[in-house]
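Written out below as structure tokens is the structure these notes cover.
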Amino acid sequence: MTTDATSDATTDATDAPGAQPLVPLHCLLRAEAGPPRLAALPTGTPVWVLTRHADVRQALAHPDLGRAPLYAPDAPPVTLTPNILDDPSSILNSDGPEHQAIRRTVQRAFTPRAIERWRPWVDGVVRELVGDLVAAGSPVEVVEALTKPLPVRVISRLMELEGLDTERLGRWSDHALSTTAYSAEEIGAAIREFGAFGHQLVQERRKNPGEDLVSSLVQAADQTGGMTEAQITSLTIGLVIAGHETTMTSFGNALVYLLDPDRTERPDQPGHPDRAGAWRRIGADPAAAAAATEQLLRTVPLGDRTTAPGSLRRATADVEIGGVTIPAGAVVAADAVAANADPEVYPPGPLDLFAPLGTPSLTFGAGPHHCLGAWLARMELELGLHHLARALPDLRLATPVDRIEWRTGLVTRSPLRLEVSW
């Protein structure tokens with residue numbers, strides 16, 4: 001889950017002419033960590049690409065590299081088809097005191113302590129969904145059975161949206177996060193419809209507040225007076241999308257990695273168990289599931305694009321990064337996917353799923369725009385993997401990896417369908 005993030009790119013494997021057949025996201029090539037380099041966005045706009053962990057972290061936290069300047073009148077084009085993430089009124093595209101004012105209205109609900117209070121309930125939802133999946137019998141399609149309904153049910157409970165039409169929500173999300181799947185007109189129409197839903201929801205909770213996240217958000221915003229109605233609505237629908245889309249994507253892609261029989265791991269090396277052994281360990285030990293979750297979030301990207309969520313910034317002054325001066329007005333892409341594999345920070349070679357991270361990954365960003373929902377996403381993925389592996393220690397893919405159907409043309413990529421058996 002990431003309400004304070006987007007995904008911009010210098011290239012996109014699914015959109016490029018003559019693109020090769022899709023491979024699982026853990027098989028994508030990453031840029032090698034190195035000094036800042038000049039490239040170009042699909043719009044033709046020059047962009048400084050950062051790939052080293054230290055450089056990316058510095059850029060994401062630097063006060064002179066902001067999101068709002070990307071939408072200034074003199075800003076160069078950075079997207080071919082704008083989507084919901086390009087809304088200038090959103091928390092993502094604000095900086096400084098304005099950003100912090102918006103963030104303060106909701107961040108208390110997403111602290112580690114606040115999220116931990118939800119663990120027993122989330123655990124119960126996971127157990128129920130896994131139980132239904134097992135009862136359905138082998139084989140079963142795991143996206144509709146587990147990876148999609150889990151985050152939808154969690155965010156629906158947090159925001160008291162029980163009864164929300166999940167098909168309509170999915171259509172809104174797909175359009176809102178589209179890169180090439182839909183036309184600008186189709187995206188615009190879906191976003192307007194979604195915005196109307198969000199505005200009505202805000203009005204309802206203002207009149208009849210409850211104990212839910214939307215009511216808390218509206219009350220805090222009204223008390224402080226620091227947010228416009230457009231910003232409250234934007235944050236509300238952003239939470240709805242982010243609360244399920246990226247968690248569903250991470251969960252599906254994690255299963256592809258863990259259940260891929262051809263995954264390149266070497267059982268002869270200590271700390272690098274075979275696929276079946278790793279899966280059983282995740283089911284047997286909650287601590288192992290937690291460690292694996294961190295490694296999977298670090299190593300399996302959310303999409304094909306070469307830069308990770310929250311990547312683009314624009315300099316408001318000259319900034320030195322990695323020994324290179326980024327001039328004022330320049331666009332910067334912080335490639336967290338490459339930074340998460342920087343050999344100066346993380347051991348190269350076969351992945352040890354259960355090794356603790358010595359340095360936090362940049363999957364959820366860093367600095368002021370660090371993802372609000374990071375702890376909730378971790379919890380859902382950790383519990384989902386643990387309970388599924390515990391219930392089905394012999395789980396395996398029922399469809400060859402090269403025949404997986406993918407959701408494409410969006411900011412994220414994940415299995416459209418994923419059949420498993422046991």
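Position 1 is the first residue of the sequence; numbering continues from there.
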Checklist line | Check: D86 side chain, T81 main-chain N or O, donor-acceptor pair, under 3.5 Å | finding: no
Margin query: Is the shortest side-chain heavy-atom distance between L41 and L312 below 4.5 Å?
Written below: yes
Notebook entry, point to check: Are E294 and R378 close enough for a salt bridge, meaning some N to O gap below 4.0 Å?
Noted result: yes
Margin query: Determine whether F251 and L146 satisfy the following criterion, side chain to side chain contact (heavy atoms under 4.5 Å, CB included), listing intermediate values before the conclusion.
Written below: CA-CA 9 Å; F251 200 172; L146 181 59; 3.7 Å; yes
Taking distance alone, no hydrogens or angles, what donor-acceptor pairs closer than 3.5 Å link side-chain atoms of residues 318-325 to residues at least two apart or in another chain?
residue : atom : partner : partner atom : Å
D318    : OD1  : A328    : N            : 2.9

Check: For the side chain of R314 and the backbone of P69, is there at least one donor-acceptor N/O pair under 3.5 Å apart?
Finding: yes
Margin query: Could you check whether any side-chain heavy atom of T247 comes within less than 4.5 Å of a side-chain heavy atom of L381, counting everything from C-beta outward?
Written below: no
Item checked: Backbone of R407 reached by a side-chain donor or acceptor of R413 within 3.5 Å -> no
Note to self: Let's go through R206 and Q203 carefully: what are the C-alpha distance in whole Å and the side-chain angles of both, what is the deciding distance for side chain to side chain contact (heavy atoms under 4.5 Å, CB included) to 0.1 Å, and is it a yes or a no?
What the structure shows: CA-CA 5 Å; R206 182 175 281 124; Q203 296 303 312; 3.3 Å; yes
Check: When rounded to the nearest 0.5 angstrom, what is the spacing between CH2 in W406 and CG in L418?
Finding: 8.0 Å
Check: Who pairs with H387 by side-chain contact (heavy atoms from CB on, under 4.5 Å), at least two apart in sequence or on another chain?
Finding: D123, V126, R127, V130, L383, R390
Checklist line | Short side-chain to backbone donor-acceptor contact, S178 and D174, under 3.5 Å | finding: no
Item checked: Check: M227 and L235 side chains under 4.5 Å, non-hydrogen atoms -> yes
Margin query: Tell me whether the rings of H175 and Y182 are parallel (<30°), tilted (30 to 60°) or perpendicular (>60°).
Written below: parallel
Check: When D95 is tested against each of R313, H369, R67 for side chain to side chain donor-acceptor pair (under 3.5 Å), which residue passes?
Finding: H369
Item checked: Verdict with supporting geometry, W279 and R396, side chain to side chain contact (heavy atoms under 4.5 Å, CB included) -> CA-CA 10 Å; W279 181 247; R396 60 187 182 276; over 6 Å; no
Item checked: Side-chain donor-acceptor pair present, H244, S173, cut-off under 3.5 Å -> yes
Next item on the list: Kindly indicate, with the supporting measurements, whether the criterion salt bridge (charged side-chain N to carboxylate O under 4.0 Å, His left out) is fulfilled by E116 and R113.
Entry: CA-CA 5 Å; E116 194 61 28; R113 177 178 293 182; over 6 Å; no
Check: Does one side chain, of Q100 or R103, offer a donor that lies under 3.5 Å from an acceptor on the other?
Finding: no
Next item on the list: Any chance you could measure L92, atom CG, to H99, atom NE2, to the nearest 0.5 Å?
Entry: 8.5 Å
Notebook entry, point to check: Would E405 and T399 satisfy side chain to side chain contact (heavy atoms under 4.5 Å, CB included), going step by step from the backbone distance to the final call?
Noted result: CA-CA 10 Å; E405 298 178 59; T399 302; over 6 Å; no
Next item on the list: Answer yes or no: is there a side-chain heavy-atom contact under 4.5 Å between V240 and L169?
Entry: yes
Checklist line | More than 12 heavy atoms from other groups under 6.0 Å of CG on L38 | finding: yes
Next item on the list: Looking only at non-hydrogen atoms, find the nearest pair between I404 and P415 and report the distance.
Entry: CG2-CB, 4.2 Å
Check: Would R153 and E380 pass as an ion pair if we require N to O under 4.0 Å?
Finding: no
Notebook entry, point to check: Is any side-chain N of the basic residue among R30 and D335 closer than 4.0 Å to the acidic one's carboxylate O?
Noted result: no
Margin query: How close do N83 and I191 get, counting heavy atoms only, and between which atoms?
Written below: C-CD1, 3.8 Å
Next item on the list: Of all the heavy-atom pairs spanning L50 and D55, show the shortest one and how long it is.
Entry: CD1-O, 3.8 Å
Next item on the list: Test salt bridge (charged side-chain N to carboxylate O under 4.0 Å, His left out) on E419 and R403 and set out the steps.
Entry: CA-CA 11 Å; E419 283 207 342; R403 294 178 60 186; over 6 Å; no
Margin query: Nearest 0.5 angstrom please: L213 CG to L158 CG, how far?
Written below: 6.5 Å
Check: Would you say the side-chain atoms of T43 pair up with the backbone N or O of L80, donor to acceptor, closer than 3.5 Å?
Finding: no
Next item on the list: Could you verify whether a donor N or O on one side chain and an acceptor N or O on the other, from R205 and S215, lie under 3.5 Å apart?
Entry: no
Checklist line | Note, S250 side chain near L302 side chain (heavy atom, < 4.5 Å) | finding: yes
Notebook entry, point to check: Just wondering, do V125 and V122 contact through their side chains at under 4.5 Å, heavy atoms?
Noted result: no
Note to self: Give me the atom names and distance for the closest heavy-atom approach of E344 to D342.
What the structure shows: N-OD1, 2.9 Å
Notebook entry, point to check: Just one of P88, S90, S94 clears the side chain to side chain contact (heavy atoms under 4.5 Å, CB included) bar with S234, so which one?
Noted result: S90
Item checked: Gap between atom CG of D260 and atom CG of L255 - 0.5 Å precision -> 12.0 Å
Note to self: Are more than 12 heavy atoms, taken from residues, nucleotides or ligands other than E229, located less than 6.0 Å from that residue's CD atom?
What the structure shows: yes
Note to self: So does N340 get a backbone contact from the side chain of R298, meaning a donor-acceptor N/O pair under 3.5 Å?
What the structure shows: yes
Check: Considering all heavy atoms of both residues, which atom of P46 and which atom of V331 are nearest to each other, and what is their separation?
Finding: O-CB, 3.9 Å
Note to self: Within the structure provided, determine whether I241 and F194 are in side-chain contact (heavy-atom separation under 4.5 Å).
What the structure shows: yes
Notebook entry, point to check: Taking atom NE2 of H199 and atom OG1 of T233, what is their separation to the nearest 0.5 Å?
Noted result: 6.0 Å
Notebook entry, point to check: Relative to the ring of Y257, is the ring of H26 parallel (under 30°), tilted (30 to 60°) or perpendicular (over 60°)?
Noted result: perpendicular
Note to self: Could you measure the distance from the CG atom of L362 to the CG atom of L297? Nearest 0.5 Å is fine.
What the structure shows: 12.5 Å
Next item on the list: Consider only side-chain N and O atoms of T249 and E245, and report whether a donor and an acceptor are under 3.5 Å apart.
Entry: yes
Margin query: Is there a side-chain contact between V143 and R417 in this structure, where contact means two heavy atoms from C-beta onward sitting under 4.5 Å apart?
Written below: no
Next item on the list: Step through the shown structure and confirm whether more than 12 heavy atoms of other residues, nucleotides or ligands are within 6.0 Å of CH2 on W172.
Entry: yes
Checklist line | Nearest heavy atoms of L385 and L296, plus distance in Å | finding: CD1-CD1, 3.8 Å
